[in-house]
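Everything on this sheet refers to the single structure shown next.
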2 protein chains.
Amino acid sequence: MSPHRASLRERKRVAMLEALERAAVELAAEHGYDHVTVEMISEACMTSPRTFYNYLGSKEAAILGPRTPFASPEQVERFVHERGPDVLVDFLSMVIDSLTETPVDRELYQLRQRVIYTTPELSAKRLAIDGELEARYRAVIAERFRAAGRLEATDAQLDDEAHMVIALARGVLTYTAAKWYEPGFDRTVRELIEDSIELVKRVLGDPSEPLD
Amino acid sequence: MSPHRASLRERKRVAMLEALERAAVELAAEHGYDHVTVEMISEACMTSPRTFYNYLGSKEAAILGPRTPFASPEQVERFVHERGPDVLVDFLSMVIDSLTETPVDRELYQLRQRVIYTTPELSAKRLAIDGELEARYRAVIAERFRAAGRLEATDAQLDDEAHMVIALARGVLTYTAAKWYEPGFDRTVRELIEDSIELVKRVLGDPSEPLD
DNA sequence: GCTGGTTCGTGCAGGGTGTGCAGAATTGTA
DNA sequence: TACAATTCTGCACACCCTGCACGAACCAGC
């Protein structure tokens, strides 16, 4: 990125940040979130609690790690003006792209997941974060409808429809994420997505079980 | 419920609980959630902070109010063994029934909603609660599939399908709730639900825009 | 290298939430 | 009324988090 090698300051900063996050996650995995204090974490990294707060802001943040990224403005732009045959597929493509952009430390990630999953308070927080992202994406989808010249519908209707797309995408993504982290995973994300879209259609549109 | 009129203790208890919740919500609506302390709330009800905690357990709980109820065992039982043509419709009926069983103080409810909506921390918490309910309902739906003798599918597949139903229901319910609280609401819940199911089908299954 | 300026880590004081405990106050009952 | 059971309350405490100010570490220019 930068022509010069990162300064000592910068390198120390990154190292400390990583150390604190890792210590937080590992301690929580071992003793349970509630039984880990900020003092313990900072002590493990040979620094002061005050510094911990300067870096992470809260105990929660240390465990949850960096916020899941929103699609970049370029990705959003492309999605909005795209004219694929299926909104859901295009939307999922965008989200998956933005999610797989930055590589993750798989081991730490999985440890995080375990801690989060076994701590109601943290599961709660993550659900909330997802919810926020959904709200933002919802606006993006409605924007795409508008860009496509859907003039027969009111803004409210388009927003409702966007909401449905989000709800569907949510199902697909949860399904996909679950599969992705299963032990013997050996397929591409896109295959998984196609599968789960099929699943949605089956749930909803199975012609052998018509509505009413 | 009980043959005798509630005792003085019981009546005072209920009165205090309501007073504390109302005070919490009203103070938060006026000054903002962060600027209201437990001390303020308890003082407004002429009691001690310690008592507040005995009643509510946390400041959050006071604002959020009673947890949204899960369907009763009987309702769940009925749903599981029902053989309606459409799982989604049956499921939504059950949820709506359980939700509309206990009448709510509409005014306080709306004030709550406003406070929650304008406080990220509280929105987060509510999303989380919804998420928990969804997880439990998901198991119920999978149970129904099993009871219906869906032997061609594995447990995992049924669970995935249940997940999709939840995702869809989520969309429908959000849509419905939004409409329900719009000013000039003059239709039945069931009409709304039918509308939004139509919407889902349109989003997903519009034959004029086939997949691929 | 030395030095001055800047950034960053740290201790301290303090406000807020939430909990265990034990005694005081209130209610139910004989 | 007097006794028993329940509930309220004050107190001490642990923990989370923040503002502030001082001192240490780092960087840049000489």
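Letters A, B, ... are given to chains in the order of the sequence lines, protein chains preceding strands, and every chain is numbered from 1.
Side-chain nitrogen and oxygen atoms of A:Thr51 include at least one within less than 4.0 Å of the OP1 or OP2 phosphate oxygen of C:dT10. A close approach under 4.0 Å does occur between a side-chain nitrogen or oxygen of B:Tyr55 and OP1 or OP2 of D:dC8. Contact check, A:Ser48 against C:dG9: no side-chain N or O comes under 4.0 Å of OP1 or OP2. Contact check, A:Thr37 against D:dA14: no side-chain N or O comes under 4.0 Å of OP1 or OP2.
To the nearest angstrom, P of D:dC16 lies 16 Å from NZ of A:Lys125. What separates CG of A:Leu8 from C1' of D:dA28 is a distance of 14 Å, to the nearest Å. Computed from coordinates, the B:Tyr53 OH to D:dC13 P distance equals 19 Å when rounded to whole Å. Atom CD of B:Glu60 is separated from atom C1' of C:dG18 by 12 Å (rounded to the nearest Å). Protein atom CZ of B:Arg9 is 8 Å distant from nucleotide atom P of D:dC8, rounded to whole Å. Spacing between atom CE of A:Met46 and atom C1' of D:dA24 amounts to 17 Å, rounded to whole angstrom units. The distance between atom CG of B:Asn54 and atom C1' of C:dA25, rounded to the nearest whole Å, is 14 Å. Whole-Å rounding puts the B:Glu39 CD to D:dT9 C1' distance at 14 Å.
A cation-pi arrangement is absent between A:Lys59 and A:Tyr53 under the rule of less than 6.0 angstrom and at most 45 degrees off the ring axis. A cation-pi arrangement is present between B:Arg13 and B:Tyr55 under the rule of less than 6.0 angstrom and at most 45 degrees off the ring axis.
One cannot find a donor-acceptor pair under 3.5 Å joining the base of D:dT7 and the side-chain atoms of B:Arg13. A donor and an acceptor atom sit less than 3.5 Å apart, one in the side chain of B:Arg50 and one in the base of C:dG20.
Across all strands shown, B:Phe52 has no heavy atoms under 4.0 Å from either base or sugar-phosphate atoms.
When each of A:Arg83, A:Arg78, A:Arg144 is checked for a salt bridge (charged side-chain N to carboxylate O under 4.0 Å, His left out) with A:Asp90, only A:Arg144 meets the rule.
Looking at which nucleotide of DNA chain C each of A:Glu10 and B:Lys12 is closest to, the 5′-most match is held by A:Glu10.
Looking at residues two or more places apart in sequence or on another chain, you find no salt bridge (Lys or Arg N to Asp or Glu O under 4.0 Å) involving A:Asp130.
One side chain, B:Glu74 or B:Ser72, offers a donor N or O that lies under 3.5 Å from an acceptor on the other.
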